[in-house]
Structures are given as C-alpha cells and as structure tokens.
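What follows is a single structure, written as structure tokens, with notes after it.
Quantities reported herein were computed from a predicted structural model and do not represent experimental measurements.
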Amino acid sequence: MALAEVFERVAGPDAPVEFIAYDGSRAGAADSPIKINVRTPTAVSYLAQAPGGLGLARAYVSGHLDVEGDMYAALARMLNAQRIDIDLAERLRVLRQLGGARVLLPRVPPPPQEVRVNRRWLSGRRHSKDRDASAISHHYDVSNTFYEWVLGPSMAYTCACYPTADATLEQAQAYKFDLVARKLALKPGMRLLDVGCGWGSMVIHAAREYGVQALGVTLSAEQAAWAQRAIKEAGLSSLAEVRHLDYRDVTETGFDAVSSIGLTEHIGKAQLPGYFSFLYSKLQPRGRLLNHCITRPDNTGPANVKDGFINRYVFPDGELEGPGYLTSLIHDSGFEVRHSENLREHYAKTLAGWCVNLDEHWDEAVAEVGEGTARVWRLYMAGSRLGFDRNQVQLHQVLAVKLDRQGTSGMPLRPDWEPPLPA
C-alpha cells in the first residue's frame with residue numbers, strides 16, 4: 001500500500017493539507033500551502049514505534065519528516081482532519097500494510113534533543129536541587145543569542161498581556177511587567193524578590209520604573225550571566241541583582257513583595273505546599289505575592305505526561321495544576337487570595353509573536369543551535385499556541401497577601417492596579 005493511501009485512511013480523504021511521500025505517492029489537497037513530506041522510511045518507523053504525537057515529533061525533529069508552510073496552520077488543519085474512529089483492528093491492518101515487523105524492529109533511537117530520564121544526564125530524585133538544575137539547564141541554557149532572536153528585546157519568556165488587540169509583542173511584555181508591579185503596589189524603597197527571574201526583565205523593570213530594591217534568582221547560569229550584564233549596562237547595579245541560585249537557597253527575609261512569573265510549572269505537585277510556604281516566610285506582614293503560571297483547565301488528567309513531547313523535549317519534569325488547586329494551596333500556606341485572572345488568549349498571541357520571530361531568524365537560529373533544536377522550538381511554540389487557543393492549557397495570575405496579626409491586608413477596597421491604556 002502506498003503511503004498516501006495510509007494517510008488518507010488516518011486523516012480522511014479531504015484533509016486540507018498535501019501529503020508527499022518518498023515512495024512518490026501523494027494525497028490530500030494538491031493546492032494546499034501546507035505540505036507534509038515523509039522523506040525516508042525512518043519516519044515511518046518513528047510513527048509506528050511511537051504512535052501519536054511523540055512519533056511525529058521524533059520524525060520531524062530528526063528531519064525525516066518535513067512540514068512546509070506555517071506550522072501552526074499545519075497542526076490546526078491536521079487536528080481538525082484527523083479521524084478518531086480507527087479501531088485497534090484497523091490500526092493493525094495499517095501497520096501490516098506499512099511493512100509489519102520491519103517498521104517495528106529494530107528500534108530507532110530518539111533524536112539527541114530528547115531527554116531520557118536515567119539514560120542521559122537527567123537523573124536523581126525528581127525535583128531535587130540537582131535534578132531541577134539539570135532540567136532547567138536543558139531548556140534555558142540553549143543560547144542567549146537564540147533567545148534574543150525568539151523573544152525580542154524584552155527577553156521575557158513568559159506570557160505577555162496585550163492592552164489592545166493591535167499591541168506589539170514588546171508593548172504587551174512591558175504592559176505585563178507593569179501590571180505585575182502595580183498588583184504588588186511597588187513603591188520606591190521597597191524590596192522585591194523575583195523567583196525564577198529568567199533574564200531579569202521583571203527585576204530591571206521594578207528597579208528602573210519603581211525604584212525598588214529587587215533581587216532575582218534563577219537556576220540557569222546563562223540567564224544569570226545575561227541579566228547581570230544587562231543590569232550593569234542599565235546603570236541599575238545599586239538597585240537590582242540577579243543570582244545564579246535555587247530559590248530555596250535565598251536566605252534574606254522581610255521582602256515587601258514576591259513575584260513568581262513562570263516558575264510554578266517547574267516546582268512539582270508534591271513540592272507546591274512547601275513552595276508557597278517558603279514564599280510566605282519571605283514576606284513581611286501585608287506583603288504581596290503575585291504568582292503567574294501556566295495552568296490546566298481541570299485536574300482530571302495527570303500533571304505531567306511522561307511520554308509527551310513537552311516533557312521529552314522542552315520542559316523535563318514540568319507539571320501543571322488547575323487554578324483552583326493552586327489557589328487552595330496558596331490559602332493553606334497562610335496567604336489570603338485577593339484576585340485571579342486567566343490570560344489564556346494573551347499567551348496564544350505571545351506565542352504567535354515568538355513563532356514569527358523564529359521564522360524571521362530561522363537560518364541564523366539553525367546556525368546557532370542546530371537544526372534539530374530549532375525544529376523542537378518551531379513545533380513546540382506552534383503546538384503550545386494551538387493548546388492555548390483551544391483551552392487545553394491556560395495562564396493564571398493569582399494575587400495574594402500575607403495578613404498582619406490583626407488580619408489587616410492593606411489592600412484597596414477595589415482593584416487599583418490596571419495600568420492605563422497606551423495612547
């Protein structure tokens with residue numbers, strides 16, 4: 001059976017993409033701007049040995065399968081076209097027609113970009129300090145130059161907040177950091193702890209715009225080095241500091257505010273109670289916490305999909321929880337939660353901006369980090385954008401306060417933190 005026939009059986013005869021295979025067969029819409037090219041028999045082996053998303057990812061990352069055209073559009077079209085009524089018997093028939101045992105054995109090793117726990121460097125107790133450092137390094141110590149191309153001048157690798165539909169990515173990132181600062185009620189002379197600070201964007205914003213004494217910590221050595229240079233170049237060394245440090249090793253206390261922007265996803269469900277209790281202990285009474293993290297719509301599935309593309313290639317050991325679960329934990333740690341909002345659509349727009357940046361710098365990115373890593377990012381960001389668009393994942397900001405002994409919060413009667421819209 002020609003590979004094109006198999007494609008039609010799986011995706012349906014009216015799939016809005018063109019399918020091209022190394023055996024010369026074609027299927028789908030011949031005039032489609034989206035083309036899927038199965039270049040070698042190895043791609044078929046990947047698909048047969050790891051059915052579903054992981055096999056497709058391995059075939060694409062390794063270059064045995066190509067996607068021509070916009071990756072987001074390709075994923076969206078295939079998701080809409082994919083048949084869901086293929087039973088086990090038909091799957092076995094398709095497998096036999098593809099070559100049976102020949103595509104199952106021998107096993108094709110995964111691409112080198114894939115993390116395999118205890119078979120490469122990611123080992124030890126899950127969410128121990130050493131293993132967390134390795135997991136963070138896998139994703140964040142890729143190349144600061146690469147991140148500059150993808151993220152843009154803000155160097156913000158977290159969900160932006162778009163004040164208007166036509167705002168640029170840079171405007172939306174600046175608006176997000178200012179929204180966080182206002183929610184925390186930052187004022188000159190206050191002390192801010194930013195855990196998981198990335199390249200120091202929040203630390204720099206708080207020091208430059210609000211005169212805050214800001215300390216940021218990150219497990220990524222490359223992030224810390226970049227942030228330290230940026231702080232010095234901005235003339236903010238007297239106010240801002242970024243350390244290459246595990247948040248659990250911060251010894252200072254008595255902060256007026258704590259921001260956690262994009263770190264909670266890396267903590268792990270079992271460690272979350274201790275995490276929020278630790279942040280609580282760092283604040284003085286009436287101090288505020290702003291927790292900004294990716295969430296999932298519900299808690300019915302696993303927090304971590306072990307064989308999923310994200311866990312294997314992007315965020316090893318990452319775990320997502322529902323917003324209600326996180327809110328309960330924050331309350332149980334002693335905080336009073338005062339405000340929560342979902343920025344799901346904003347993250348879809350943020351990812352769209354990053355995808356455009358990567359496409360515009362594709363040749364330079366491949367030269368900098370290698371084609372396999374660049375392909376991981378192209379697939380990951382487009383797939384994540386689709387996930388936010390379709391409510392498979394969400395992004396929540398939760399604002400909480402540490403009450404004083406009299407139960408006083410120091411919060412305004414009504415929210416006063418929404419920044420004015422740009423002119």
> Is any side-chain N of the basic residue among Arg243 and Glu252 closer than 4.0 Å to the acidic one's carboxylate O?
Replying inline: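 Answer for the salt bridge query: yes.
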Is there side-chain contact between [X] and [Y], with heavy atoms separated by less than 4.5 Å?
X      : Y      : answer
Glu319 : Asp317 : no
Gln49  : Arg107 : yes
Ser201 : Phe177 : yes
Thr264 : Asn291 : yes
Lys35  : Val17  : no
Tyr380 : Arg385 : no
Thr295 : Leu320 : no
Asp178 : Val180 : no

> Should Leu65 and Ile36 be marked as a side chain to side chain contact (heavy atoms under 4.5 Å, CB included) after you check the CA-CA gap, both sets of side-chain angles, and the distance that decides it?
Replying inline: CA-CA 7 Å; Leu65 182 148; Ile36 298 174; 4.3 Å; yes
Strictly distance-based, threshold 3.5 Å: is any side-chain N or O of [X] a donor or acceptor partner for the main-chain N or O of [Y]?
X      : Y      : answer
His244 : Leu219 : yes
Asp194 : Gly216 : no
Lys349 : Ala165 : yes
Arg77  : Pro16  : yes
Glu265 : Ile294 : yes
Thr373 : Gly370 : no

>> As a quick check of understanding, evaluate side chain to side chain contact (heavy atoms under 4.5 Å, CB included) for Cys293 and Leu326, giving each step before the final call.
In response: CA-CA 10 Å; Cys293 73; Leu326 292 173; 3.6 Å; yes
Roughly how far, to the nearest 0.5 Å, is the [atom2] atom of [Y] from the [atom1] atom of [X]?
X      : Y      : atom1 : atom2 : answer
Glu241 : Gln228 : CD    : CD    : 8.0 Å
Leu395 : Thr350 : CG    : OG1   : 8.0 Å
Gln394 : Asp298 : CD    : CG    : 8.5 Å
Leu263 : Thr158 : CG    : OG1   : 11.5 Å
Gln173 : Met155 : CD    : CE    : 11.5 Å
Tyr175 : Thr164 : OH    : OG1   : 9.0 Å

> Hey, would you say the Trp226 and Tyr147 ring centroids sit under 6.0 Å apart?
Replying inline: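 No, ring centres 6.0 Å or more apart.
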>> Going by ring-ring contact (aromatic ring centres under 6.0 Å, His included), name the pairs with one or both residues in residues 317-341, residues two or more places apart or in two chains.
In response: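 For residues 317-341: Tyr280-Phe335, His339-Trp417.
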Suppose the criterion is salt bridge (Lys or Arg N to Asp or Glu O under 4.0 Å): which pairs have a residue in [range], not counting sequence neighbours?
range            : value
residues 321-340 : Arg296-Glu321, Glu336-Arg338
residues 275-291 : Arg286-Asp404
residues 56-71   : Arg39-Asp66, Arg58-Glu114, Asp66-Arg375

>> Ignoring hydrogens and geometry beyond distance, is a side-chain donor-acceptor pair present between Tyr275 and Ser260 at under 3.5 Å?
In response: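 On atom types as modelled, these side chains qualify, holding a pair under 3.5 Å.
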>> If we count only N and O atoms by modelled type, under 3.5 Å, do the side chains of Thr40 and His64 hold a donor and an acceptor together?
In response: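 There is such a pair between these side chains.
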Work out which heavy atom in [X] is nearest to a heavy atom in [Y]; give both atom names and the distance.
X      : Y      : answer
Cys159 : Leu343 : SG-O, 3.8 Å
Gly55  : Leu47  : C-CD2, 3.8 Å
Gly318 : Asn311 : N-OD1, 4.2 Å
Leu215 : Val203 : C-CG2, 4.2 Å
Pro273 : Leu329 : CG-CD2, 4.0 Å
Val250 : Phe278 : O-CZ, 3.8 Å

> When you look at Val314 and Phe309, which way does the side chain to side chain contact (heavy atoms under 4.5 Å, CB included) test go after all the steps?
Replying inline: CA-CA 7 Å; Val314 185; Phe309 170 72; 4.1 Å; yes
> Checking side-chain hydrogen bond (donor to acceptor under 3.5 Å, both in side chains) for the pair Gln397/Lys183: CA distance, chi angles, key distance, verdict?
Replying inline: CA-CA 10 Å; Gln397 280 193 358; Lys183 285 183 175 180; 2.6 Å; yes
> Per the side chain to side chain contact (heavy atoms under 4.5 Å, CB included) rule, which among Leu283, Leu184, Leu192 passes with Val258?
Replying inline: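 The passing option is Leu283.
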> Stepwise, does the ring-ring contact (aromatic ring centres under 6.0 Å, His included) test hold for Trp377 with Tyr157?
Replying inline: CA-CA 13 Å; Trp377 274 79; Tyr157 187 31; 5.6 Å; yes
> Does NZ or CZ of Arg344 lie under 6.0 Å from the centre of the six-membered ring of Phe388, at an angle within 45° of the ring axis?
Replying inline: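 No, Arg344 and Phe388 do not form such a contact.
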>> Run the salt bridge (charged side-chain N to carboxylate O under 4.0 Å, His left out) test against Glu360 and tell me which residues pass, sequence neighbours left out.
In response: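 Result, salt bridge (charged side-chain N to carboxylate O under 4.0 Å, His left out) vs Glu360: none returned.
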> When you look at His396 and Ser340, which way does the side-chain hydrogen bond (donor to acceptor under 3.5 Å, both in side chains) test go after all the steps?
Replying inline: CA-CA 7 Å; His396 276 81; Ser340 176; 4.7 Å; no
> Which side chain to side chain donor-acceptor pair (under 3.5 Å) pairs, counting each pair once, include a residue from residues 230-240, with sequence neighbours left out?
Replying inline: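 Non-adjacent pairs meeting side chain to side chain donor-acceptor pair (under 3.5 Å): zero.
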>> side chain to side chain contact (heavy atoms under 4.5 Å, CB included), that's the test. Do Leu399 and Met411 meet it? Break it down for me.
In response: CA-CA 11 Å; Leu399 177 65; Met411 299 287 295; 3.9 Å; yes
